[in-house]
Amino acid sequence: MKRLILLFAAALVYTGALAEETNPTYSPDSSMVAYTSGGDLFVRPSAGGQAIRLTEDGSDVILNGYASWVYYEEIFGRPSRYKAFWWSPDSRKLAFYRFDNSVVKMFPIYSPYGGKGGSLSETRYPLAGDPNPNVKVGIVDLNKPQDIVWADFDPQADQYFGTPFWGDDSKKLFVQREPRVQQELELFAVDASNGSKTLIYHETCPTWLDWMQDMIFTREGLYMARAFETGWQQIYFLSYDGKTLKRLTSGVNWRISLLAEDKGTVYFTSYRDSDVHPCLYSVDRKGRIKLLSDPDSAVRVEDLDLRKKKAKVYYSTINTDWVPYTIDLRKALSVPENGRPELAAAPDGPQFEIVYAEMSDGQKVPAAIALPRDFDPSKKYPVVMEIYGGPDNPYVRDSKRRPSPMVRWFWETGVIRAIVDTRSAGHTGRKGTDLVYRDVVSVPVEDACTWARWLGNLPYVDSERIGIEGFSFGGTMTAMLVMCHPELFRCGVAGGGVYDWELYDTHYTERFMDTPQRNPEGYKKARVLNYVRNYDPSRSRLKLTHGTGDDNVHLQNTLLLVDSLQRCSKQFDLMLYPDGMHGYRGEQTAHDNEADKEFWTRNLSLKQ
């Protein structure tokens, strides 16, 4: 306590009017709380007392410890709630990112609420090809909080920084960096005392690289899952000094999640024995991989007790609910906690079957198909396909998800539901995902058409009544398919789609497309607005939906598509949701569902 008193006496104590504390975060020893307010970073004793203002230049464009939008959305993730500061293990240092948004263009979003004239929210949102925020990496030692140590990076460089992490001794901060074109990843060890940096890891790829995440830290180094060498993800050990890099796994691995390490043995889940569900594995120092869970079921690990060599897990399939089991890690033996070895039966409702279709290059990708209630194979049924299509984001998974009201409605109304993936979804590793580099639409569109033909060839499918829907990237895909392939799709509902990729953010768009300046043809090909003249509403009807408050995919996309359709005298359906975000909630969801039912009934000639 004496040390803390001296710390505060030596610092500039903040005595101004306190604004709301954003992201209050306890230090590891719970003695202090860090938070941001008004663009500045603060700390205060958790037991009460004066706060210390660690930065002084916070404003509407300078953000200390509070993420710029593109970092929040694409790098740290929405669960971060914009937090961009990190406590050291010894609770005596804070690392933070300082964002300079002055070069980032402001994007306005109008709301009809907030008074007679409505209200306007503004976000510094960098569109593809435009300037990103400049970022500095700062470290504050609470023993001398008035002195910020800045890491030795050039804040003017066109670059991104990933989520950093502290070394166990709190002397080094490990910082990930990628250039604007995301084909290189560097990991630096930054000396917390003076900001000097040492490169300890460098990785390259001809397409794009994802950030390091979910690492396991040990005294000697860290374990990480990377996908730069074999076409699949593999587990590597990297020493903290960068001198040792060792690959532990081989073969098929995707969506690896590292769980724990014990005496050189790493426990992890991976899509290895199946491309549609994860299993639990271990790998030892010699690279020997052991399957620990049931290979026929998805596993979700709740607790890993390495002392007892037990794991509490849940098993599920696409049609069965999650059931608790205990795995003996030594014997790889699963025992049901309720004494019944079978998985719990699914309730009455749609039952999905996972099937595979071969794409033009021989790669096989899955779809999940649910036949309607009282299915009669001698009859002909309409189909509604659901698609996403974006890189490394599969929709087909062999684990239980609660059926949405619409899925049940399709089942009750006599509609076959087909959730389809494409080669870019990640089921075949980088062989599939890398196909969309610099052209994110051609391969997914081709694969969606392959699925429509595959379904249309089934003896019980009415190939003249196939509809398609998708949201976000799936909205982009749906609009493209309806406009360009009316011979396959009778109608489609496109929600929250990007219809011009120059109107989406830098980090996501350029990861897969490069910049508009370097890849103009790719952006032209992927621009839905360029295909409006192909659209024939007499053959295939398009419905557009969008939330007016969407801060991710802006309403501007849909408004420009609406304008193009109107200028070309093309009829279409439209539903806007005031202040709706990227995904509708509450009463808007209910309205959206009912509106979609009417659309499908009218355009697929459904019987009620």
Side-chain angles (χ1 to χ4, degrees), residues 3-4 6-14 23 25-29 31-45 51-59 61-68 71 75-76 80 82-101 133-157 159-178 186-201 212 217 222 240-242:
R3 183 180 182 185
L4 287 177
L6 292 174
L7 183 158
F8 282 101
L12 175 61
V13 177
Y14 180 67
N23 292 317
T25 304
Y26 281 97
S27 59
D29 65 4
S31 66
M32 305 288 288
V33 175
Y35 63 93
T36 59
S37 182
D40 280 315
L41 181 63
F42 296 77
V43 292
R44 60 171 173 80
I52 296 181
R53 185 174 189 165
L54 300 178
T55 62
E56 297 285 341
D57 58 349
S59 68
V61 294
I62 301 298
L63 305 176
N64 294 286
Y66 188 90
S68 183
Y71 273 70
I75 298 178
F76 301 151
S80 71
Y82 290 93
K83 187 171 83 74
F85 61 85
W86 302 270
W87 280 106
S88 63
D90 66 3
S91 302
R92 292 292 173 262
K93 299 183 185 73
L94 268 173
F96 70 96
Y97 286 179
R98 176 190 182 273
F99 299 89
D100 182 349
N101 273 337
N134 294 322
V135 182
K136 295 176 70 175
V137 181
I139 300 171
V140 179
D141 187 330
L142 296 187
N143 290 314
K144 41 184 178 180
Q146 69 277 9
D147 297 327
I148 299 176
V149 173
W150 296 106
D152 185 22
F153 295 101
D154 177 5
Q156 303 300 318
Q159 63 193 345
Y160 298 103
F161 293 104
T163 303
F165 52 92
W166 282 98
D168 285 345
D169 61 4
S170 300
K171 294 181 179 179
K172 292 180 180 179
L173 180 72
F174 294 88
V175 179
Q176 306 175 61
R177 178 194 173 277
E178 288 189 356
E186 297 171 316
L187 180 63
F188 292 92
V190 176
D191 189 321
S193 66
N194 59 26
S196 62
K197 68 182 190 296
T198 303
L199 179 66
I200 66 168
Y201 180 74
M212 295 179 177
F217 303 101
L222 60 90
Y240 290 129
D241 60 10

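- Distance alone, capped at 3.5 Å, places no donor-acceptor pair between the Ser68 side chain and the Tyr71 backbone.
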Criterion side-chain contact (heavy atoms from CB on, under 4.5 Å) on Tyr35 and Asn23, from CA distance to verdict: CA-CA 5 Å; Tyr35 63 93; Asn23 292 317; 5.9 Å; no
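- The structure places CH2 of Trp166 at 7.5 Å from CG of Asp90, a figure rounded to the nearest 0.5 Å.
- Ring pair Tyr97/Phe76 is tilted by interplanar angle, where 30° to 60° counts as tilted.
- Ser170 and Ala192 get closest at one heavy-atom pair: O-CB, 4.2 Å.
- Annotation for Lys136 and Pro155: closest pair CG-CB, 3.5 Å, computed over non-hydrogen atoms.
- Asp40 and Thr55 share a side-chain donor-acceptor pair at under 3.5 Å.
- Of the candidates Ile62, Val135, Asp57, Asp100 forms a side chain to side chain contact (heavy atoms under 4.5 Å, CB included) with just one, namely Ile62.
- Checking Asp152, Val149, Leu173 one by one against Val137, the side chain to side chain contact (heavy atoms under 4.5 Å, CB included) holds for a single residue, Leu173.
- We find the CZ-CG distance between Arg98 and Asn134 to be 9.0 Å, quoted to the nearest 0.5 Å.
- Taking CD of Gln146 as the reference point, atom CD1 of Ile52 lies at 9.0 Å (rounded to 0.5 Å).
- Here the shortest heavy-atom pairing between Pro145 and Leu142 reads CD-O, 3.3 Å.
- By the 4.5 Å heavy-atom criterion applied to side chains, Thr25 and Lys83 are counted as neighbours.
- Summarising the geometry of Ala34 relative to Val43, their closest heavy-atom pair is CB-CG1, 4.0 Å, with the distance given to 0.1 Å.
- Distance check, rounded to the nearest 0.5 Å: CZ of Arg92 to CH2 of Trp87 gives 8.0 Å.
- Annotation: the span from Phe85 atom CZ to Leu54 atom CG amounts to 10.0 Å, rounded to 0.5 Å.
- Checked against a 6.0 Å centroid threshold, the rings of Trp86 and Phe174 do not count as neighbours.
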Worked check of side-chain contact (heavy atoms from CB on, under 4.5 Å) between Leu63 and Asn101: CA-CA 8 Å; Leu63 305 176; Asn101 273 337; 3.6 Å; yes
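- Asn64 contributes a side-chain N or O that, together with a main-chain N or O of Gly39, makes up a donor-acceptor pair within less than 3.5 Å.
- Of the inter-residue distances, the one linking Phe99 atom CZ with Phe161 atom CZ reads 10.0 Å to the nearest 0.5 angstrom.
- At least one side-chain heavy atom of Val190 sits under 4.5 Å from a side-chain heavy atom of Phe153.
- Aromatic ring orientation, Trp150 versus Phe96: perpendicular (interplanar angle above 60°, classes split at 30° and 60°).
- Side chains of Ser91 and Pro28 form a contact here, defined as non-hydrogen atoms less than 4.5 Å apart.
- The two atoms that bring Gly138 and Ile148 nearest to each other are CA-CG2, 4.3 Å, heavy atoms only.
- For the residue pair Ser193 and Asp191, a side-chain donor N or O sits within less than 3.5 Å of a side-chain acceptor on the partner.
- Classification of Asp169 and Lys172 as a salt-bridged pair fails, no side-chain N sitting under 4.0 Å from a carboxylate O.
- When every heavy atom of Gly162 is checked against every heavy atom of Ile75, the shortest pair comes out as CA-CG2, 4.0 Å.
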